[in-house]
Amino acid sequence: AWAGGAGTAGTAGLQYLLLGSGARQAGMGEAFTAVGDDVNTVHWNPAGLAMLRQHEVSLSYNRWVADMSDQGFAYVAPLSPMRVAVHARYFRYGDLAKTDAAGGSLGSFGSSDLALGMSSALKVSRRVSAGATVRWLRSAMDDVTANTVSADFGGTVQVTSWLRAGGAVQHLGPGLAYVKEVTPLPTTIKTGLAARMLGGNLGLAVAASKPLAGQWQYYAGAEFRIRE
C-alpha cells in the first residue's frame, strides 16, 4: 500500500470525514474509489454498493492519538433493483482544556462529531453503476452544537472484464454554522482504477483525491485472496 501528496490546508470543517474507514481499505492504501465491493464503500464511493449481492455489516473502532477515537457502523441490504445502506460514524476528540479570558483554568470540555447516513446504488446498465449518499452531520463543542446535511454522488464503469474505473464527489452541502461563523464542508473529488487478475484473487488499485481546500493526493494498493 502507498499514499502520497500534500496534505489539506485544513480550512474546511469536519476533517475527520477525510480519514479512511475500514481495515481492508487501510490495507490497500485507501485506493478504494473504484474497488467498492464491500459495505465500507459507503465512505469512498456509494456506487460500489451496486456490486453487493448479500447483506453485510461492518463495525469499527479506531483509537487515535490524544484520546481521539473513531467509531463506525454500516449495513447494506440487497434490495431489488437497488442496494440500500445505512451507516453512522462518531468521532470523539477527547477532553480539552477550558480557560477563561485571562488564561485561568475552568476545567475541561468535550468535543465530538456525528454523521448519520443513508446510501443507495443500482446498475444503470451492464457496465455502469451509480450511487448517492445523504448524511445528517452534527458537531458539538462544549455546550455549542451545529447541524447540517451533505450529499455524495458516485459512479463506476466496468471498462473490461478485469478493469473498473470509478469517481465520486463527496461532502457537498452547506457549511456548519457555529453561532455567527460558518465553516465549509470538506468537499472532495475522487477518482480511481481497480483491476482483478489471477482469477480474481489479485486486486490492484490506484486512486487520487482532491479536497477543494487542499491539493491532489495519490494512493495505490494491492490485495491477494487466499482460497482453499
Side-chain angles (χ1 to χ4, degrees), residues 3-22 25 28-52 72 74 76 82-89 91 113 115-125 127-139 147-159 163-176 182-194 205-221:
T8 65
T11 57
L14 299 180
Q15 290 287 306
Y16 80 99
L17 292 172
L18 301 180
L19 298 175
S21 182
Q25 288 74 15
M28 293 189 68
E30 301 189 2
F32 211 73
T33 305
V35 180
D37 56 1
D38 74 33
V39 66
N40 281 314
T41 192
V42 295
H43 303 296
W44 306 88
N45 183 352
L49 292 171
M51 291 181 278
L52 303 183
V76 60
M82 64 177 56
R83 307 294 184 259
V84 176
V86 292
H87 40 94
R89 195 169 180 187
F91 197 95
D113 290 323
L116 303 177
M118 176 176 287
S119 303
S120 63
L122 76 164
K123 285 188 174 294
V124 179
S125 68
R127 293 180 178 270
V128 179
S129 298
T133 294
V134 292
R135 288 187 185 88
W136 175 75
L137 304 170
R138 179 180 185 270
S139 185
N147 304 292
T148 190
V149 293
S150 70
D152 301 350
F153 300 96
T156 63
V157 178
Q158 195 69 41
V159 182
L163 181 65
R164 183 185 306 119
V169 180
Q170 295 186 298
H171 317 309
L172 293 165
L176 284 167
V182 177
T183 302
L185 298 182
T187 302
T188 304
I189 301 168
K190 292 185 174 182
T191 185
L193 294 170
V206 294
S209 68
K210 185 186 183 305
L212 295 188
Q215 299 181 26
W216 281 101
Q217 299 182 63
Y218 306 95
Y219 314 87

| field | side-chain hydrogen bond (donor to acceptor under 3.5 Å, both in side chains) against Ser119, all qualifying residues, sequence neighbours excluded | value | His87, Thr133

| Sub-4.5 Å side-chain heavy-atom contact between Thr191 and Thr33 | no

| field | Residue pair Val84 / Met118: nearest heavy atoms and the distance that separates them | value | CG1-CG, 4.4 Å

| field | Minimum heavy-atom distance between Val42 and Ala74, given as atom pair plus value | value | CG2-CB, 4.3 Å

| task | Starting at OH of Tyr218, measure out to CD of Glu30 and round the result to the nearest 0.5 Å. | result | 16.0 Å

| Set of side-chain contact (heavy atoms from CB on, under 4.5 Å) partners for Ala34, sequence neighbours left out | Ala194

| query | How many angstroms lie between CZ in Arg135 and NE2 in His171, if you round to the nearest 0.5 Å? | reply | 5.5 Å

| If you round to the nearest 0.5 Å, how far is CG of Leu52 from OG1 of Thr41? | 7.5 Å

| What pairs with Arg83 under salt bridge (charged side-chain N to carboxylate O under 4.0 Å, His left out), at least two apart in sequence or on another chain? | none

| query | Mind checking what makes side-chain contact (heavy atoms from CB on, under 4.5 Å) contact with Gln25, not counting sequence neighbours? | reply | Phe32, Asp38, Asn40, Trp44

| Looking at Ser120 and Leu49, what are the two nearest heavy atoms and their distance? | N-CD1, 4.4 Å

| request: Tell me, please, which residues at least two apart from Thr156 pass side-chain contact (heavy atoms from CB on, under 4.5 Å). | output: Asn45, Ala47, Ser129, Arg164

| query | What are the two closest heavy atoms between Ala31 and Ala205, and how far apart are they? | reply | O-CB, 3.2 Å

| field | Sequence-distant partners of Val182, side-chain contact (heavy atoms from CB on, under 4.5 Å), two or more places apart | value | Ala177

| Over all atoms of both residues, closest heavy-atom pair of Pro186 and Leu18 | O-CD2, 3.8 Å

| task | Go through the structure and list residues passing side-chain hydrogen bond (donor to acceptor under 3.5 Å, both in side chains) with Ser139, not counting sequence neighbours. | result | Asp113, Tyr178

| query | Side-chain contact, heavy-atom cut-off 4.5 Å: Leu185 with Leu17? | reply | no

| task | Just do the side chain to side chain donor-acceptor pair (under 3.5 Å) check on Ser209 and Tyr219 with the steps written out, would you? | result | CA-CA 9 Å; Ser209 68; Tyr219 314 87; 3.1 Å; yes

